[in-house]
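By convention in this document, chain letters (A, B, ...) are assigned in the order of the sequence lines, proteins followed by strands, and residues within each chain are numbered from 1.
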Amino acid sequence: MPIASLTTGVIARIMHGEDVAQPVLQVLGIKRINTNSEQERYRLLMSDGKYYNSYAMLASQLNEMQQKGMLSENTIVRLDKYMTSMVGKEGTGKRVLIVTELTVLNSGDEVKSKIGEPVTYENAAKPAAEATPAAVSAPPKKEPMYNNNSSNNNNNNNDKMNGTMNSTLNAGLTHPIASLSPYQNKWVIKARVTAKTAIRTWSNARGEGKLFSMDLMDESGEIRATAFKEQCDKFYDLIEVDNVYFFSKCQLKPANKQFSQLKNDYEMTFTGETMVQLCEDAENEGIPEVKFDLVPISQVASMEDKATVDTIGICKDVGELQTFTSRTTNKEFKKRDLTLVDMSNSAITLTLWGDEAVNFDGHVQPVLMVKNGRINEFNGGKSLSMGGGSRVKLNPDIPEAHKLRGWFDNGGGDNISNSVSARTGGGSFSTDWITLKEARMRNLGSGDKPDYFQCKAVVHIVKQENSFYKACPQSECNKKVVDEGNGQYRCERCNAAYPNFKYRLLVNMSIGDWTSNRWVTCFNEAGEQLLKHTAQEVGDALENDQAAAEKIFSDINFSSFIFKLRCKNEMYGDMTRNKLNVQSLAPINYKEYNKHLIKELKEMTGIGPAN
DNA sequence: CCCCCCCC
């Protein structure tokens with residue numbers, strides 16, 4: 001590669017405020033800055049062959065280039081994106097150059113030496129008519145700003161800041177969120193509010209107050225912003241989720257990763273000088289909407305405990321508000337459980353917390369779209385809980401939501417066959433993958449308590465005979481009834497006779513995985529899941545329409561599922577038999593199943609990537 | 001300057 005020529009003298013122009021596209025510079029040195037946090041920051045000594053600038057910073061998203069050794073001494077680079085800003089107190093501050101995008105044109109080894117005899121740019125004579133940055137001029141106000149409150153009597157200062165922001169906006173000079181850092185404070189971002197918390201109060205040894213926080217997003221990334229006390233009151237009503245705003249004059253600080261899952265090393269705090277201005281729809285171009293990777297509820301059953309998931313469903317049932325005291329923290333919590341259903345004919349519990357639980361009105365059975373719902377496994381069932389980065393959207397205006405609405409309003413939710421959150425008594429740990437052969441070899445089910453495991457298996461034979469029974473119509477009683485032959489059905493448990501009964505399923509079938517095959521029993525709910533028909537439909541078909549029954553049963557032959565099985569020795573007279581009951585079955589989620597296979601392969605061979 | 005997301 002020929003050695004690229006430097007843009008001679010450009011550093012003086014840039015540092016006096018001129019915006020020069022793609023200057024070519026030489027790196028004369030780079031070193032890590034000591035910061036209070038663990039954040040890595042690098043300071044560059046850059047030369048244009050005539051001048052050098054020792055106050056250049058590498059934006060943290062470019063740290064990797066330094067770590068890879070791409071920015072060694074003498075390297076020639078092209079600055080594709082950069083900005084300058086004042087650091088430190090007005091008047092005494094230094095102007096720094098922040099590099100956010102760069103391309104290496106020649107490696108340091110290639111160039112070998114320093115080009116020219118550069119001197120500090122501060123020795124350069126300022127241009128006669130200095131190109132003033134647009135941001136410092138004060139054009140007339142364009143729109144009302146939500147800026148300092150009136151208690152700040154420095155009105156001049158306010159006007160200047162209004163001018164600053166508007167003129168920057170007029171010039172289209174907003175900054176990408178990814179470029180924000182504590183090292184420069186003159187910026188305006190244009191960002192969509194993707195989430196907003198309720199106002200929360202705190203009281204601790206260091207004082208008390210209130211706050212709310214919000215998540216902001218643009219094309220380059222996302223950041224959390226928090227407004228305390230006065231700012232909390234001032235901005236809470238103004239900020240609406242999904243709107244796009246211009247923000248400026250917030251304080252940046254390193255994000256505490258323990259509490260934030262947003263992809264940003266920093267977070268920001270509103271200050272007395274913070275300005276927020278609504279950006280009208282017409283100007284929103286390029287600011288992305290939140291993406292929801294919607295997964296059918298049925299699939300959550302085969303996802304990992306503690307993972308997060310996006311899903312959408314109808315709020316079919318709303319639980320009462322519950323209050324309890326945490327045993328570990330002694331704190332009181334409020335929660336409300338909702339039941340979401342979708343067209344996978346599956347139901348899942350979603351738990352709301354705090355004010356969201358108190359204020360939730362689900363009696364109109366709205367559509368709920370959940371972003372980053374946290375999966376909790378409990379006793380073999382999976383439920384969703386709102387936590388850290390979770391958010392929920394009511395009746396979103398998207399095709400999926402309208403489809404669900406139509407489905408549900410036409411009775412779609414009446415025959416939910418799969419309850420993802422149903423507890424199967426499996427303990428709070430996640431279910432182990434065990435093959436059918438291993439289950440035998442390990443004598444699973446021989447202890448006092450049943451054993452639970454899951455496996456991928458194919459349906460071999462489903463027995464039609466005795467696959468259903470007539471049960472007591474009382475909702476809490478599923479006891480088999482005796483047909484008295486006079487149109488009455490007697491339940492021994494309730495000691496009562498009824499004119500009706502309900503069908504219940506008790507399906508025996510042979511399933512096989514790659515190691516072995518076993519006869520297993522599906523009780524009612526699992527049976528409905530398996531046969532994809534309600535017990536009523538199956539019973540009707542078996543009693544009245546043999547051809548329909550034949551189809552229901554043959555349709556599922558050789559289908560594969562992830563089976564969750566309960567294994568227990570049971571006594572039949574003086575015989576002990578090892579019984580397997582199907583707790584639930586789910587379509588194979590290949591992504592999750594492959595994860596399990598890869599893990600197994602790695603354990604067997606010791607070969608493979610970490611994790 | 002918050003920072004808990006719990007329970008069965």
Side-chain angles (χ1 to χ4, degrees), chain A residues 36-37 182 195-216 223-236 239 250-262 264-274 305-309 317 319-339 348-360 370-392 419-430 452:
Chain A
N36 295 332
S37 70
K196 170 183 153 183
T197 69
I199 292 179
R200 193 171 64 230
T201 58
W202 84 86
S203 173
N204 61 26
R206 277 173 292 187
E208 55 184 36
K210 55 177 159 179
L211 69 118
F212 81 100
S213 63
M214 69 213 94
D215 294 347
L216 311 181
I223 194 164
R224 159 73 49 87
T226 305
F228 290 95
K229 298 175 182 171
E230 299 83 34
Q231 280 76 252
C232 174
D233 289 335
K234 189 159 101 183
F235 289 107
Y236 187 77
I239 301 285
C250 299
Q251 182 196 331
L252 273 288
K253 60 175 188 180
N256 189 338
K257 286 294 181 186
Q258 198 186 334
F259 304 120
S260 164
Q261 56 302 307
L262 291 192
N264 201 316
D265 291 343
Y266 304 111
E267 59 186 32
M268 46 195 225
T269 305
F270 280 22
T271 71
E273 302 193 331
T274 292
D305 190 23
K306 306 297 169 211
T308 57
V309 66
D317 292 308
E320 293 299 312
L321 185 71
Q322 299 171 53
T323 306
F324 66 92
T325 306
S326 165
R327 221 181 282 159
T328 45
T329 62
N330 259 340
K331 269 190 177 175
E332 192 184 85
F333 290 102
K334 292 194 175 95
K335 60 166 261 192
R336 190 194 294 274
D337 286 342
L338 318 177
T339 304
I348 195 163
T349 302
L350 171 69
T351 304
L352 306 181
W353 297 94
D355 284 346
E356 202 169 22
V358 174
N359 299 327
F360 185 77
V370 184
K371 176 84 194 161
N372 292 331
R374 190 175 160 82
I375 299 173
N376 280 320
E377 180 154 1
F378 183 69
N379 280 355
K382 297 248 173 71
S383 62
L384 297 179
S385 180
M386 299 298 285
S390 311
R391 40 199 183 239
V392 72
S419 175
V420 173
S421 303
R423 294 169 199 179
T424 55
S428 58
F429 48 87
S430 64
Y452 294 85

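Partners of A:D233 by salt bridge (Lys or Arg N to Asp or Glu O under 4.0 Å), not counting sequence neighbours, listed by chain and number: A:K210.
Taking 4.5 Å as the limit, some side-chain heavy atom of A:K306 sits within range of a side-chain heavy atom of A:N376.
Considering only side-chain N and O atoms, A:N376 lies nowhere under 4.0 angstrom from the phosphate OP1 or OP2 of B:dC5. Between B:dC1 and A:N204, no contact under 4.0 Å exists linking OP1 or OP2 to a side-chain N or O. Within the 4.0 Å cut-off from OP1 or OP2 of B:dC6, at least one side-chain nitrogen or oxygen of A:R374 is found. Here A:R206 reaches the OP1 or OP2 of B:dC2: one of its side-chain N or O atoms lies under 4.0 Å away.
Contact annotation for A:K253: base contact, defined as any heavy-atom pair under 4.0 Å involving a base atom. Residue-level contact check: A:K335 touches the bases, meaning some heavy atom is under 4.0 Å from a base atom.
Rounded to whole Å, the distance from CG on A:D355 to P on B:dC4 is 18 Å. Note: CE (A:M386) to C1' (B:dC4) measures 15 Å, nearest angstrom. Summarising the geometry, the separation between CG on A:N372 and C1' on B:dC5 is reported as 14 Å, rounded to the nearest angstrom. Whole-Å rounding puts the A:E320 CD to B:dC7 C1' distance at 17 Å. If you measure from atom NZ of A:K371 to atom P of B:dC5, you get 21 Å, rounded to the nearest angstrom. Distance, A:K196 NZ to B:dC2 P: 21 Å, rounded to whole Å. Rounded to an integer number of Å, the gap from CG of A:D337 to C1' of B:dC5 is 13 Å. A:W202 places its CH2 atom 19 Å from the P atom of B:dC5, with the value rounded to the nearest Å.
Comparing atom distances between the A:F259 side chain and each of B:dC2, B:dC6, B:dC4 picks out B:dC4 as nearest. Side-chain proximity of A:K229 to B:dC1, B:dC2, B:dC8: nearest is B:dC1.
Using cut-offs of 30° and 60° on the angle between ring planes, the pair A:F333 and A:F324 is tilted.
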Could you walk me through whether A:D337 and A:T351 pass the side-chain hydrogen bond (donor to acceptor under 3.5 Å, both in side chains) check? CA-CA 4 Å; A:D337 286 342; A:T351 304; 2.7 Å; yes
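Judged by closest nucleotide on DNA chain B, A:T269 is the one of A:T269 and A:R200 placed further toward the 5' end.
For A:K331 and B:dC4, a side-chain-to-base donor-acceptor distance below 3.5 Å is absent, hydrogens and geometry of angles not being considered. Counting distance only, with no hydrogens placed and no angle test, the side-chain atoms of A:E267 and the base atoms of B:dC3 include a donor-acceptor pair under 3.5 Å. For B:dC1, the base has no donor-acceptor partner in the side chain of A:Q231 [N/O atoms by modelled type, under 3.5 angstrom].
Centre separation under 5.5 Å together with a plane angle under 30° does not hold for the ring of A:W353 and the six-membered base ring of B:dC5, so they are not marked as stacked. Aromatic stacking of A:F324 on B:dC6: not satisfied for centres closer than 5.5 Å together with planes under 30 degrees.
With hydrogens and angles ignored, the 3.5 Å screen pairs a side-chain donor or acceptor of A:R336 with a backbone N or O of A:G319. Looking at A:S385, its side chain never comes within 3.5 Å of a backbone N or O of A:R374 through a donor-acceptor pair.
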